[in-house]
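Worksheet: one structure, shown below.
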4 protein chains.
Amino acid sequence: MNSVVLVGRLTKDPELRYIPGTGRPVATFSIAVNRAFVNKEGKREADFFNIVVWGKPGENCANYLSKGRLVSVRGSIQNRSYETQTGERRYITEIVADRVEFLESKGRSESASPAGNDFEKSFEPVGLDSEGFQALDDDDIPF
Amino acid sequence: MNSVVLVGRLTKDPELRYIPGTGRPVATFSIAVNRAFVNKEGKREADFFNIVVWGKPGENCANYLSKGRLVSVRGSIQNRSYETQTGERRYITEIVADRVEFLESKGRSESASPAGNDFEKSFEPVGLDSEGFQALDDDDIPF
Amino acid sequence: MNSVVLVGRLTKDPELRYIPGTGRPVATFSIAVNRAFVNKEGKREADFFNIVVWGKPGENCANYLSKGRLVSVRGSIQNRSYETQTGERRYITEIVADRVEFLESKGRSESASPAGNDFEKSFEPVGLDSEGFQALDDDDIPF
Amino acid sequence: MNSVVLVGRLTKDPELRYIPGTGRPVATFSIAVNRAFVNKEGKREADFFNIVVWGKPGENCANYLSKGRLVSVRGSIQNRSYETQTGERRYITEIVADRVEFLESKGRSESASPAGNDFEKSFEPVGLDSEGFQALDDDDIPF
DNA sequence: TTTT
DNA sequence: TTTT
């Protein structure tokens, strides 16, 4: 069992890529999660996590999220290692999300929200579940 | 966001049903989850939860789990209400699982394990995730 | 193991009580948690959960939260049963929270926020952890 | 909000240290968590996580856990960075646990269990919660 | 009994 | 209604 829930804000706009060959979409972004406690100096620190979202939900993240937005994310923590040019093994930790929820409507943002955005009509918090995940009715998700 | 993780033991063998019309499988069982703390009398109490597992993973639960087995379960808590014969509204809480892992090999059990069972070959803890995860069609819940 | 995380909005203002004898504070409130999926009719349903917060964090909830506020809650699901006047056993499910975070500053609220409120100075999301909970002293980590 | 639950097996015996100055105990160990899914080659991979447990629960882990034991862990993911001798910044991810439960009695283990161990008398799964953590006094719940 |  |  490996289950994580995080609530935090995007540190940048998401990036969207498509896997060569399969064309499978994958979005990546990073969120800042404030710690529950202030440290000795009385300051609230944050941890930063790399989030990976596969498939249609990844595309939704790329389309509707941007730097600063508050989200909740559920997924699994995964470790990957890779080799550096100098032959060292380096480890990186990612959250592979199976659920991302947008906790603020774009309307709240200072930046104007795009016209004709159906998403604006739905109430918050709004859920986006992982493909393969069977939605209640995958095809009536309107965004 | 609504995410729960429980670890506990089945209080009975699972029950498997098929939704009339769609034929969709759904398993139900109950687990006992020991509390983290002993109470004032020094006894460890337990909470009991009803688990619902849709689709193929539900069938796997019905085939490989039995009373007493230790499992971990991830899912969402859901409330349903129904009307009693006397017209009262009654509330019930269920865990709709999207992941069930078997934390003991059947081999540990006293009961013989079925021959030709692929499952036996995998190491523990073993995960069964929801392929084609099926959402809830609230009103075809048969129990 | 019994761990739940919920994100939702208060359906009413919290209630605060003090246990007779010990004087221990306990806050209770209910939150609405939107489901990740829309149902067959295309509507987003919600589940409603009763939250219980003991101690100083309970007092903080009572002081800083109100109907409509967005919170994240971590805790354990617990079942209690009681006897009705007619002698029936009735079951109720509660979330005993060990962490409650306020996901909106009061400033966003339409209601004026109280003057001289230290809490206002902290950034969101803000964490309130269970009394006695041990914070991390980052720099005495020895490894 | 930052909450993780893992179930896995210790890859080594835990290490216990005491913070110079304060004398605060801290245990560290690593667990292997099997992935829910097999990979393309049909093999079940695992992720490895470093677990940190402060205080009395850390001492309990050091006393009662050993390589190979199955545990469930709840906590927060935290990132730390440090500087290498060559002046590079390196990042490491840890799970700071606030709850560790032993999912197997020592009795099941091949290694003899220590005599006079109260812990042996309790049933599994057994909970160890964070010091200072407040237990529930069931019968002074006023609602 | 319910929030946005 | 409950498991170990």
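Letters A, B, ... are given to chains in the order of the sequence lines, protein chains preceding strands, and every chain is numbered from 1.
Each of dT3(E), dT1(F), dT3(F) was ranked by its minimum atom distance to the side chain of Ala46(B); first place goes to dT3(F). In the set dT1(F), dT4(E), dT3(F), dT3(F) carries the atom at the smallest distance from any side-chain atom of Arg9(B). Among dT2(E), dT4(E), dT3(F), the nucleotide with an atom closest to any side-chain atom of Ala32(B) is dT3(F). Distance from the side chain of Thr11(C) is smallest to dT2(E) among dT1(E), dT2(E), dT3(F). For Tyr91(B), the side-chain atoms get nearest to dT1(E) when compared with the rest of dT1(E), dT3(E), dT2(F).
In this structure, Ile31(B) places its CD1 atom 19 Å from P of dT1(F), rounding to the nearest Å. For Glu15(B) and dT2(F), the CD to P distance is 16 Å, given to the nearest whole Å. Rounded to whole angstrom, the span from the CD1 atom of Ile51(B) across to the C1' atom of dT2(F) amounts to 13 Å. In this structure, Glu104(A) places its CD atom 21 Å from P of dT3(E), rounding to the nearest Å. Across the protein-nucleic acid pair, Phe29(B) atom CZ and dT2(F) atom P stand 19 Å apart, rounded to whole Å. Summarising the geometry, the separation between CG on Leu70(B) and P on dT2(F) is reported as 20 Å, rounded to the nearest angstrom. Residue Asp13(C) contributes atom CG, which lies 17 Å from atom P of dT2(E) at whole-angstrom precision. Between the C1' atom of dT3(F) and the CG atom of Leu10(B) lies a distance of 8 Å, rounded to the nearest Å.
Electrostatic pairing of Lys43(C) and Glu45(C) does not count as a salt bridge here, judged by no charged N lying under 4.0 Å from a carboxylate O. The existence of a salt bridge linking Glu94(C) and Arg80(C) is confirmed by a sub-4.0 Å separation between a basic side-chain nitrogen and an acidic carboxylate oxygen. A salt bridge between Arg74(C) and Asp98(D) is present, with a side-chain N of the basic residue lying under 4.0 Å from a carboxylate O of the acidic one.
Side-chain polar atoms of Thr93(B) and Asn79(B) form a donor-acceptor pair below 3.5 angstrom.
A donor-acceptor pair under 3.5 Å is absent between the side-chain atoms of Glu104(D) and the main chain of Arg69(D), judged by distance alone.
A donor-acceptor contact under 3.5 Å is formed by the side chain of Lys12(C) with the base of dT1(E).
Within the nucleic acid shown, Phe49(C) has no heavy atom closer than 4.0 Å to any nucleic acid atom.
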